[in-house]
Amino acid sequence: MKKRLFTPGPTPVPENVMLRMAAPIIHHRNPEFMEILTRVHADLKYLFQTTQPVVVLSCSGTGGMEAAVSSLFCSGDKVITINAGKFGERWGQLVRIFTGNCVEEKVEWGSAIQPERMAELLKENPDAKGVCLTHSETSTGTAADIQTLCSLIREQSDALILVDGITAVGAHEFRFDEWGADICITGSQKGLMMPPGLALVAISERAQDIINHKNGIPQYYFSLKKALKAHAGEDTPFTPAVSLVIGLDEALQMIKAEGMENIWTRHERLASACRQGCNALGMKLFSNSPSFAVTPVWLPEGVDWSAFNKALKNKNGITIAAGQDEYKGKIFRISHLGFYDELDMLTVIGGIERALKDINFNFQVGAGVTAVQKAFLEN
Ligand SMILES: *Cc1c(COP(=O)(O)O)cnc(C)c1O
């Protein structure tokens with residue numbers, strides 16, 4: 001059976017990327033590798049739309065988040081975090097561990113923080129040293145208006161802006177320099193069409209200044225100061241995940257060939273068609289501000305998640321993502337982040353129809369696929 005992955009990390013990896021990574025290992029001080037890393041550093045600037053350094057860490061995305069919090073803040077620093085789902089909650093957990101002074105704003109799942117509320121939070125906390133945001137909250141499939149939030153925070157305060165862009169970079173428009181973010185993180189297994197194992201962290205000038213001149217929280221491996229120093233010499237502080245960096249070089253060539261604007265448009269189209277397919281099957285959408293990376297959908301009444309998921313996985317080879325926490329068994333999530341095209345959306349909606357039929361859910365077979373076809377062919 002052909003297996004198909006529709007999860008928001010890990011995501012499918014193109015063959016040419018896998019083939020590059022299958023080549024015999026080379027040494028990381030070898031000029032051949034240094035040439036690759038130099039090119040990766042340059043191309044990552046294009047990915048994040050920045051002229052500032054983007055460092056490559058050998059860890060998953062969370063390692064990048066931890067490196068940012070522990071490299072920028074001191075014990076006692078007040079940091080505002082927005083918790084609109086599992087990953088916003090993670091910002092809060094990190095801040096509590098490292099600074100012990102977290103102002104956590106909870107937002108209902110499926111909604112994004114509103115700029116008016118952000119403005120109030122800044123007024124209530126004029127001493128905040130940072131604000132941690134999530135661009136695309138993967139657990140709820142919800143996107144926040146990062147451009148507006150960044151400009152508002154810049155206007156009203158000196159707080160550093162940390163953006164978890166882990167499922168947004170490569171799906172949603174994001175302009176690091178122009179929008180005024182201080183940190184943005186992504187992970188290799190999300191929009192970059194790569195296996196898991198790398199975190200990429202863009203660092204603004206003002207953040208670099210703080211990182212380089214502060215005696216903050218004790219840290220060793222996850223130090224952005226060390227990463228920045230090595231980056232200046234087109235190097236990494238420790239042995240990098242050599243094969244993954246080589247794979248990233250290949251993936252970034254594909255990204256450059258397609259172009260960031262085209263990639264953002266493609267994700268918007270795929271997300272929109274996916275939503276129309278689900279609607280046509282009589283399923284309700286979960287988010288009121290849907291992400292272009294992942295579509296969250298309420299399980300229809302009477303549909304048992306585990307039976308539905310089994311029919312999808314065991315009979316159709318399709319893996320989608322479950323709901324998390326209190327939404328486990330209530331919602332499911334379809335990813336279209338990274339290496340996906342229009343025919344993939346027909347496949348996943350077609351697979352969902354088959355699984356629904358298999359568990360005797362009452363609906364009109366073909367309605368979802370027809371809606372997806374129409375969405376693409378009429379737009
Ligand atoms: C996947 C994800 C993370 C965590 O990344 P890991 O690579 O699992 O450590 C953080 N934030 C968001 C928004 C994510 O989607």
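As the structure lists them, so they are numbered: ligands from 1, and atoms in each ligand from 1. Computed from a predicted structure; not experimentally measured.
Of all non-hydrogen atoms in Gln219 and Leu224, the two that sit nearest each other are OE1-N, 4.4 Å. Of all the heavy atoms in Ala159 and Ile153, the pair that sits closest is O-CG2, 4.1 Å. A pairwise comparison of heavy atoms in Phe98 and Ile217 identifies O-CD1, 3.3 Å as the closest pair. What you find for Glu353 and Leu281 is that their closest heavy atoms are OE2-CD2, 3.6 Å.
For ligand 1, the atoms closer than 4.0 angstrom to any heavy atom of Ser136 are 13 (C). Taking every non-hydrogen atom of Arg90 and a distance limit under 4.0 Å, the qualifying atoms of ligand 1 come out as 4 (C).
When ring centroids are compared, His231 and His41 come within the 6.0 Å threshold.
The shortest separation from a heavy atom of Pro196 to ligand 1 is not under 4.0 Å, leaving the residue out of contact. The closest approach between Glu137 and ligand 1 stays at or above 4.0 Å for every heavy atom of the residue.
For a threshold of 3.5 Å applied to N or O pairs, the pair formed by Met65 and ligand 1 contains no separation below that value. Note: an N/O pair closer than 3.5 Å links Thr62 and ligand 1 by distance alone.
For atom 14 (C) of ligand 1, the closest heavy atom belonging to the protein is Lys190 NZ, 3.1 Å. Regarding atom 11 (N) of ligand 1, its nearest protein heavy-atom neighbour is Asp164 OD2, 2.6 Å. Considering only non-hydrogen protein atoms, atom 13 (C) of ligand 1 sits nearest to Thr138 OG1, 3.2 Å. At the top of the distance list for atom 8 (O) of ligand 1, counting protein heavy atoms only, stands Gln189 NE2, 3.9 Å. Of the protein's non-hydrogen atoms, Ser60 OG, 3.4 Å is the one closest to atom 6 (P) of ligand 1.
At a 4.0 Å heavy-atom cut-off, ligand 1 does not touch Ala199 at all.
In this structure, Lys313 forms no cation-pi arrangement with Phe332, as its terminal cationic atom is not both closer than 6.0 Å to the ring centre and no more than 45° off the ring axis.
With sequence neighbours left out, the side-chain contact (heavy atoms from CB on, under 4.5 Å) criterion links Pro126 to no other residue.
Counting only N and O atoms by type, the side chains of His28 and Thr236 include no donor and acceptor under 3.5 Å apart.
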